[in-house]
Amino acid sequence: MAEAEFNYNSRQNITKMRTERLKERIRRLTGQDKKIAEALVKSGGRYCNTTDPGIREVVELFYQDPGMRPSGWFGKKGWLPGTRAHGGLLDAFVPREMQESFLYIVDKLNRFPYSRGWNRRPVRTAGYGPQMMVAFTLLSTYEKLFYCGTKLEDVILQRLEPEKLDYTRADWVHFRKCFSYLYAAEIDRGNQAVIGALKELIYSENNTAYLTREMILGILRSDDRELHRMLGDLLLAARLQEGLRQAICEAMDEGTVEAFLTLLQVIEENDLIRFASVKRAVSTWIGIFDENSVDRVNGKLLGLMGRCLRDEAFLREQLNTNDSIAISAALWAEGFRDIDTAIGSMRELIDHGTKNQRLTASFYNQLLCDDRFKSRIAKHVILGYDGDLELAACFMGALTCTLSGNVDRLFEKREGVRYGYYDIRKPVAPRLEDFYEGRQEAETLYGNLGEILGQLPKKGVTYAPCIFPWYQVSLAPAQVICQMALTAYVLQDEEKITWCGERLKDVTADGYGAYRSRLINLLLYEPSNARQREILIGYVGNAEEMTSNKAFQLVKRLTLGDGDFALIEDMLRFKRSALRKQLIDLLMTREDEGLKASLGRLLADKKEEKRTAALDMLMQIRKDSGRKELAASLAGLEQSIESPTDKEKILIRELSGQGGDRAEDSADGEFALYDPAAEISVPEREPDRSVIGNCLPLPEKQVIGIIKKLDDLIDRYRDYEYESSAGEKTLLGAKYQWLAGAKERLYRLEYYPLEDVFRTFYQEEIRNYDVLVEMETLLFLRGNLYGAGKWAYEAVFGKIPFKPEAFSLKYQGQVGQVRLVYRTEFLDRPRLFKESVEVITALTKVVGPKNKRISFKYQGWGGTEYSSSAGVNTLPQLDRYFEGLKYWETDEEFTQAFWTACRFELKCAEERSMRRFLWENRESMTPIRFFWFLKACRLGLVSVDILCKAVMEYLDITYCLMHYASL
């Protein structure tokens, strides 16, 4: 019987089936449980979205009560005997026989670091607040057992039926993410089948499965000392297997303290610090490094860390030194066990320590991976500010890390509404106790921030080096102003709000520009005095687009007076077209008499920008059928300009009814640049079907056979070891990437491992670049877009090229990377160009403005159906022919390419005055550019009028002028 094959579509069907079954179970829920369940589905089954109000509410309970246990919430007893209050939620996500496993592991979360990410430091806390995100995520992880079964040993040893095995191994499914918690729970609960399966893989007694990162983490998160020791033996036995050593070392700080100490002893006793992967791991644990200083990590530092973990008295001695590394190691060791202990030590250093001790505390505080803890210490420092600007700079980042979230909390939220950058939002009345201990604390903080701001130069300060030779800190006025603005609003102090509103102009775009527009919305949503109105209107003219647009939206809501309109008139001195349109729109809302006064002042102004704005307004009034009387009363007002410029003359002639077409503004064509009526004459032609026939040289099954042969070739050499460009020993079975020394990073076989092997494979198996294009298409087909583009394929090939048939690969990533190298190494430009001319010609027959965008639907996680679209030039396989059109070499080939591209773009051109060829205002679908029109003009294919028309109407005029200037 033939081996079953699976692909993207088969996996999508499984996801859909899983989602439907989960939703069926969720339908039985009510109230809070149902909302939480729906939020988990929406989150995508990965880390849950804690911004969901229902989940956030539960998470807050654990922050407020550090003694509360997750099992106490999930397993809370219900009204009826033998039931749980949240039993329905558990039943929806966790198979009944695994619910005790779930309740066990969520209670164990506080024994693991809550910190995550590549630059994490291991930090634990007795409370569960920072870990509750994981607790809810684990519901989605346990839900996967409804599909793969509850025998985790079968998942570990890959003893699943073929379709399930393919699905659980697919990269994009992320099926086994967070399974380490499941493994740890079952190990601790004495599941001998799981323990035996892991031992089998550690001892390499299985040829079909291998030890993964999730399995390593599962062992480290368990309390099985024997498995810890076995993992230590494996670490020691890794020898030249740098990848295995790296996998263990990068994971060992994510488990229990006991597991870490076991492996740390192995590293110390066997001097494994000499290996690069161990150095990188150690530097990540303690954080005293950057990528250029990792060599500073040595046995002395490792010994210091280990002794601080094991010897409390020694740790206290290090805290009392003035050595930044010793202090950091001691704080790290305290936080490694309990962050509250480390926070207490930091307070002691800040209140009674030397300057260097205080600065070093800031270094440890900066990366605690929980903004609540970071900001708590930083606020303590700023409240006690004593004039030390460097210390303030060191802690300010930690204080402002909560700024974005706090600002967001102060806006009204509407369920199902997503706010864009330019949308205005209604602020809510703040509860001071949600942000500060009391009014006095907020007032003190505001005052101290003002003192810091007064000390800062306009460009801010940078302390480099600071604490360590490779570390530096900076403090900009914008950072302080934004925090002051938040505090002013929370205090609801009108004077402070006015002052901060004005100072927001000093908030630059260097990391804080996005805050400015949000804070303008917060502080000036409803100006409470005349000065606030002036400030808000002034921001309409701000050079930064986000700020200007937000201010414009807010000003539109106001009832404007004469003084306000005078400010708006003055801003018409600016040249930005989008801003001028907004300002004119505001002025056009004036009643007739006021508008007459504005026009009179603008026309009499010395600045041309203001006078032309008035002329544009007169044009609008003339065209407004609702303002005929006003238009009549303004007749001839444009003649009041005494010495009009050339630009003004054109507008005045049009207003006087003498202008006609702007291209004919004078008898001698004084102002004409080109003839807009000029038309390009493109020769018609039919596609050569014999050339198109060569684009599909092999049937689908044969192409799949070649792809699978390439997969088998990689499997044959899976244990081939090479040094990668990252300087690591790597196996081909793990990655196919650039070799060490490949400085140019080109996609050429000579820069990759096994050059001769893969070159021979291409020459003997693929042989033809068209076959490679077929392979590419099958490797990256995604059914929905491909199916939606059926009409395009049929127009070109007379059929849909591939079914597509299902197939699976063991080394999907490596096969894809080899394909990418082949694409460059064996690029057959003449062949691809010749075929591209015919393919695009055939497609031009059926394409147009309406169908050049292909709409399709796809199913995301949670069964949600999404609508999307893509250009016809992105369809699999056809995209290579749009690319190939640029591979002309001779003038004769250029002529073919130019006319082919022109035919296509003119057929698809948008009905607008500018950028008619540009797809979504970015670039044309074909490679036709300004240079092409310039060359075509020189070859006599098009006139100068058409060249100008291309610049003004077809392409992006800014890009064209920049390109021309560079010639």
Side-chain angles (χ1 to χ4, degrees), residues 3 5-8 11 166 169-172 210 242-243 695-782 801-802 804-829 831-832 876-877 879-881 883-884 887:
E3 181 184 354
E5 297 283 6
F6 312 101
N7 64 0
Y8 172 83
R11 295 170 201 136
D166 170 77
R169 290 196 307 197
D171 289 340
W172 65 270
Y210 56 91
E242 187 75 356
C695 295
L696 301 171
L698 295 181
E700 183 174 354
K701 289 194 180 213
Q702 277 187 250
V703 180
I704 292 174
I706 295 173
I707 294 173
K708 292 184 74 66
K709 282 183 181 180
L710 180 56
D711 194 53
D712 292 340
L713 179 67
I714 294 168
D715 189 50
R716 195 183 319 151
Y717 287 94
R718 65 183 181 275
D719 295 325
Y720 177 80
E721 189 178 86
Y722 64 96
E723 186 177 353
S724 73
S725 57
E728 300 172 351
K729 296 290 185 182
T730 308
L731 298 179
L732 184 67
K735 277 184 181 179
Y736 177 74
Q737 58 184 16
W738 283 295
L739 292 167
K743 297 179 181 178
E744 297 184 67
R745 299 290 179 96
L746 300 175
Y747 294 110
R748 304 303 293 256
L749 287 172
E750 64 184 289
Y751 298 124
Y752 284 81
L754 297 172
E755 175 188 357
D756 292 340
V757 170
F758 288 109
R759 187 179 300 280
T760 300
F761 182 85
Y762 185 93
Q763 292 168 345
E764 294 181 356
E765 298 292 343
I766 301 176
R767 291 180 263 179
N768 183 317
Y769 198 76
D770 288 324
V771 175
L772 179 65
V773 174
E774 287 187 291
M775 289 172 62
E776 284 187 308
T777 305
L778 285 170
L779 279 169
F780 300 102
L781 267 188
R782 291 294 181 264
F802 306 112
E805 300 279 355
F807 66 94
S808 57
L809 298 173
K810 190 173 183 180
Y811 301 98
Q812 180 85 33
Q814 289 91 324
V815 169
Q817 188 64 22
V818 171
R819 177 273 323 171
L820 185 59
V821 177
Y822 280 165
R823 169 191 272 218
T824 303
E825 181 77 26
F826 299 102
L827 178 60
D828 190 340
R829 290 169 180 259
R831 179 192 293 267
L832 194 57
Q877 188 151 4
D879 60 344
R880 293 306 311 276
Y881 302 116
E883 170 203 331
Y887 293 138

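Note that the structure is a prediction, hence the values are computed from the model and not measured.
A donor-acceptor pair under 3.5 Å is absent between the side-chain atoms of Gln737 and the main chain of Ser724, judged by distance alone. Formation of a donor-acceptor pair under 3.5 Å by the Glu723 side chain with backbone atoms of Ala740 is not found in this model. One N or O on the side chain of Asp711 and one on the backbone of Tyr811 form a donor-acceptor pair closer than 3.5 Å. Checking side-chain atoms of Glu700 against main-chain N and O of Glu805 turns up a donor-acceptor pair under 3.5 Å. In this structure, the side chain of Arg718 engages the main chain of Asp715 through a donor-acceptor pair within 3.5 Å. Side chain of Arg767 to backbone of Glu764: a donor-acceptor contact under 3.5 angstrom is found. Side chain of Gln814 to backbone of Gly733: a donor-acceptor contact under 3.5 angstrom is found. Although no hydrogens or angles enter the test, the distance criterion places no donor-acceptor pair under 3.5 Å between the side chain of Tyr752 and the main chain of Val818.
For the residue pair Pro804 and Leu778, the shortest heavy atom distance occurs at CB-CD2, 4.3 Å. Pairing each heavy atom of Val703 with each of Glu774, the nearest pair is CG2-OE1, 3.7 Å. Contact detail for Pro876 and Asp879: the closest heavy-atom pair is C-OD1, 4.0 Å. The two atoms that bring Leu731 and Tyr722 nearest to each other are C-CE2, 4.1 Å, heavy atoms only. Across Pro753 and Tyr720, no two heavy atoms sit closer than the pair CB-CE2, 3.9 Å. When all heavy atoms of Ser808 and Arg11 are compared, the pair lying nearest together is CB-NH2, 4.3 Å.
Rounding to the nearest 0.5 Å places OH of Tyr751 at 5.0 Å from CG of Leu746. Taking CZ from Phe802 and CD1 from Ile704, the interatomic distance works out to 8.5 Å, rounded to the nearest 0.5 Å. Rounding to the nearest 0.5 angstrom, the gap separating the NZ atom in Lys708 from the CG atom in Leu713 is 14.0 Å. Rounding to the nearest 0.5 angstrom, the gap separating the NZ atom in Lys701 from the CZ atom in Phe807 is 13.0 Å. Remark: Arg748 CZ to Phe826 CZ distance equals 9.0 Å, nearest 0.5 Å.
Here the side chains of Leu698 and Ile706 are in contact, with some heavy-atom distance below 4.5 Å. Looking only at side-chain heavy atoms (C-beta outward), Arg819 and Met775 stay at 4.5 Å or farther from each other. Between Arg823 and Arg880 there is a side-chain heavy-atom pair separated by less than 4.5 Å. Residues Leu696 and Gln877 are in side-chain contact: their nearest non-hydrogen atoms beyond the backbone lie under 4.5 Å apart.
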Step-by-step side chain to side chain contact (heavy atoms under 4.5 Å, CB included) determination, Tyr762 to Glu825: CA-CA 10 Å; Tyr762 185 93; Glu825 181 77 26; over 6 Å; no

Leu809 and Leu779: CA distance, side-chain angles, deciding distance, side chain to side chain contact (heavy atoms under 4.5 Å, CB included) verdict: CA-CA 10 Å; Leu809 298 173; Leu779 279 169; 3.8 Å; yes

Full working for side chain to side chain contact (heavy atoms under 4.5 Å, CB included) between Leu827 and Thr824: CA-CA 5 Å; Leu827 178 60; Thr824 303; 5.9 Å; no

Audit row: Tyr736, Tyr717, side chain to side chain contact (heavy atoms under 4.5 Å, CB included) steps and yes/no: CA-CA 11 Å; Tyr736 177 74; Tyr717 287 94; over 6 Å; no

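Tyr887 and Glu883 share a donor-acceptor pair across their side chains, judged by distance under 3.5 Å alone.
Of the charged side-chain nitrogens involved, none lies within less than 4.0 Å of a carboxylate oxygen, so that Lys709 and Asp712 do not count as a salt-bridged pair.
Less than 6.0 angstrom separates the ring centroid of Tyr747 from the ring centroid of Trp738.
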